[in-house]
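Worksheet: one structure, shown below.
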Amino acid sequence: MEEYVGELWHKLVTRVADKQHAEAAVNLDEISKTAAIFFRALGGDAGLNLSAAASTRHGARRGWRDRLASSGERIELSWRDGETLRLPEKIDLFSERSLNRDMYLWLTALSAADVDDNLPWIVRNQTATLATLTRFPGLVSRYYRLVGALLLLRTLPSKLPIEEAAQESAIRQALQQPGSIYDLPTAKKPFQPVLLWTHPSPPVNASNKVSSSDGAPEREQSDDKNVAKSRRKHAAERTDMPDGKDGFLMMFRAESLFSWTEYINVNRPQDEEDDIERAALAAEDMDTMTVARDGETSVAKLRFDLDLPSAGEDDTPLGEGIPLPEWDYKKQVMQPDYCRLQEYVSPQAQPCELPTQLRRTARRLRSQFQALVPTRTWLKGQQDGDEIDLDAWVRQEADLLSGTHADGRGMYRAQVNQQRDLACLLLADLSLSTDAYASDHARVIDVIRDSLFLFSEALSATGDRFAMYGFSSLKRGNVRFNRLKSFDDRYDGLARGRIQAIKPGYYTRMGSAIRQASALLAAQPQRQRLLLLLTDGKPNDLDRYEGRYGIEDTRMALHEARQQGLRPFCVTIDNEANEYLPHLFGVGGFAVIRKPEDLPKELPLLYAQMTR
Amino acid sequence: MENLPFYQSHGSEIELFERAWRNNLPLLIKGPTGCGKTRFVAHMAAQLNLPLYTVACHDDLTAADLVGRHLIVDGQTVWSDGPLTRAVREGGICYLDEVVEARKDTTVVLHPLADDRRILPIDRTGEILAAPPSFMLVVSYNPGYQNFLKGMKPSTRQRFISLAFDFPSAAQEEAILIGETGIDEMLAKRLVSIANAFRALRDHDLEEVASTRLLVYAAILIKDGCEPTLACRAAFVETLTDDPETAVALREVIDATFGL
């Protein structure tokens, strides 16, 4: 009974306090693509991701209804850092849907403005507002509509204590006449958040706290598993890792949320942390996640198991290893000889035949692909052509002389020329993620293996030159490049045996693999050279090769490939690929296969379409 | 000279063209689509008072299409000059647009014309034409990435001196719009601002970006009384993308410039 009444009360007070307009809400998901393009068109950095912002406690005065329902104390602010543009997950401030939508676009436009980040917050936002309104005068009317609607939601200065009233008036003036306020008066209580402005990365200033003891690459954020689901970022705060000598062990866990949020400077290795689900739930409720940089996050623990096999078990390395550069986007420099790539060939591979279940499809593909074999023939009886078709002409003259009606056939010969001057290198991702199950009975690696088989069958029918390699990596010193079939190898039982022997392992340092593949492909004399990348996810590796660093290095490697006159194309089974592949491969430079089990059949067809 | 096509110079390209022409050097012009390559050649041909033969290259273009072929007329074979041969005979400018689209075996016929020999051998008639001093060979191509499967043979490419074109600066582009269509300065500024916003999306969201030509189209529509946002949608949004979500974003940029 007590519970029942409590629930009723909760419903009642939250409804009273809820000034939001659920029916007019606009979600970030609905608008994210539009907003992202809008952001880039207005001059925003094309490498930024768009994601939902974490809610933060603003600490400002709330209305009595809010206090009663203990709601409204958190707010989702928008901000931008080197990797991400963050916007609220949902905007439902206004009763008109169009206003909520305009609010998103306004925040996007404001974030795209190029202003000095070192200006005081209030000045910076006014400068950005002015710059945006000058460049896009069409936004002026929308801006003032938004300001008008927003001011109605803010507490009137007359209802506030003197200091806060001065502050509020300044903000109001800055909104209505951007550029007129240079200083924000101080007050004891924080002011109400200004939702029309972008905020500095909320309250934590990350740059001061970064400390890395040995300069080694560390992992930046370890919460990808949880965040991927809710698309919500936690404000991350970095703190020094204590050395553990003076620590007392904190024995109680998520009983009280406070013990989670307040970072106590003790070494608390997460050996016992297997209850990931509960940890994720607790993390949802936290404002700030404190991650110390000792590389011992639970994800790192998991990765620890992926050690290299012993020398006897491993594939046979070929040669010394090839030094390759890597692009550091933060410094905007190419780091020469930063990675070492090792070419391997599987020693256990035994020559084998095509697996029986693929034979029927292979036969069909072969006959389809034989139609692509180049032919250079003369067509007779054309209306237009390089040469005169003497036969046709003589026949027509004879017909005319004998009084028969000439049928008006063409009297020229034309050459149809279907040259296929083409080389293709297929680069397959063999990282550990391909060990996952793609469907009920096949792992991703099995799908990739079948694709490689069918692809080779199809290409050997066309006579196009092709090579196949697989890649994976374990940090920068060990990029593994598995030779399945080089351009000079024949496609025979041994090549099939190597395809049969592929197995998943390690990570995805895409840039180095692409650089090596480009070098091999660029040495081919053909006119059209296609670099086909088969993958199941983003570039990543154990060290800092992750997130934007990995993406930007891969992008640079692809850029180099294009400069060498190669054409990169990506085939992926990653359903979220649309978020990053356009940045890497451009529109029309990639294909997403929704059902992984279709990949073996789709891949040869894609190839046929591309090279026709 | 009153028929001189309008052309807004943005550097030393006019001077370079004249020097190349005076010294019998062939010229290669590269630049994105719609940035004024063809207009530039037409302008120069008119200024130098030379006949201009333009060939739009495609992958079925054969050497015979350029040089010429025998035709059957009234039971007789008659030799018919192709555009290249005609330009050589008359001492005019032969302009091959999008030359990378042509196959390599076709572009090889240009070789003897494009070096110091300056001759055009015609295999089918046994004739060898020597080009008069006023003849000039101009080729152009668009180095956009859709041409990566193509590209020019280095042996062809190294016979030309090259000029790179790009979209003009904002001020020049405004001048072009005003010169070409007579719209007012404010409108020209806004159109150019939209185009530059779209150009920031090159390679990421859009395959091709708004060309100066599209800007001129938009200006013509507006000049004709078309409502500006409508004209921009027709000229830019629907031309540049087929993807509905991208189209929405592009429209937002236009609305942000012209207002609602």
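Protein chains get the first letters and strands the later ones, always in sequence-line order, with residue 1 at the start of each.
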> Got a sec: does the NE2 of B:His58 have more than 12 other heavy atoms crowding it under 6.0 Å?
Replying inline: yes
>> Restricting to non-hydrogen atoms, name the atom on B:Val253 and the atom on A:Ala41 that form the minimum distance, rounded to 0.1 Å.
In response: CG2-CB, 3.7 Å
> How far does CZ of A:Arg135 sit from CZ of B:Arg190, to the nearest 0.5 angstrom?
Replying inline: 13.0 Å
>> Would you say that more than 12 heavy atoms from the other residues, nucleotides or ligands in this model lie under 6.0 Å from the CD of B:Gln158, or not?
In response: no
>> For A:Arg555, which atoms come within 4.5 Å of any heavy atom of chain B: side chain, backbone, both, or neither?
In response: neither
> Which answer fits A:Tyr412, side chain, backbone, both or neither, if we ask what part of it has an atom under 4.5 Å from a heavy atom of chain B?
Replying inline: side chain
>> Quick check on the interface: out of A:Pro137, A:Gly43, A:Ala35, A:Pro582, who has the most heavy-atom pairs with chain B under 4.5 Å?
In response: A:Pro137
>> Less than 4.5 Å to any heavy atom of chain A: does that hold for the side chain of B:Thr77, its backbone, both, or neither?
In response: both
>> Using a strict threshold of under 4.0 Å (side-chain N to carboxylate O), is an ion pair present between A:Glu387 and B:Arg69?
In response: no
> B:Val248, B:Asp65, B:Ile72: which one forms the most heavy-atom pairs within less than 4.5 Å of chain A?
Replying inline: B:Ile72
>> With side chain to side chain contact (heavy atoms under 4.5 Å, CB included) as the criterion, how do B:Asp243 and A:Lys33 come out once you've worked through the C-alpha distance, each side chain's angles and the decisive distance to 0.1 Å?
In response: CA-CA 11 Å; B:Asp243 177 53; A:Lys33 188 165 180 200; 2.7 Å; yes
> At what distance, to the nearest 0.5 angstrom, does CD of B:Glu252 lie from CD1 of A:Ile31?
Replying inline: 7.0 Å
> Which answer fits B:Ile194, side chain, backbone, both or neither, if we ask what part of it has an atom under 4.5 Å from a heavy atom of chain A?
Replying inline: neither
>> Side chains of A:Phe136 and B:Asp255, heavy atoms from C-beta outward: is any pair under 4.5 Å?
In response: no
> Is atom CD of B:Glu185 surrounded by more than 12 heavy atoms (other residues, nucleotides or ligands) closer than 6.0 Å?
Replying inline: no
>> For A:Phe590, is the CZ atom crowded, meaning more than 12 foreign heavy atoms sit under 6.0 Å from it?
In response: yes
> What distance separates A:Met411 CE from B:His70 NE2, expressed to the nearest 0.5 Å?
Replying inline: 14.5 Å
>> Please classify the contact between B:Arg251 and chain A as side chain, backbone, both or neither, with a heavy-atom cut-off of under 4.5 Å.
In response: neither
> A:Ile37 versus chain B, heavy atoms under 4.5 Å apart: side chain, backbone, both or neither?
Replying inline: both
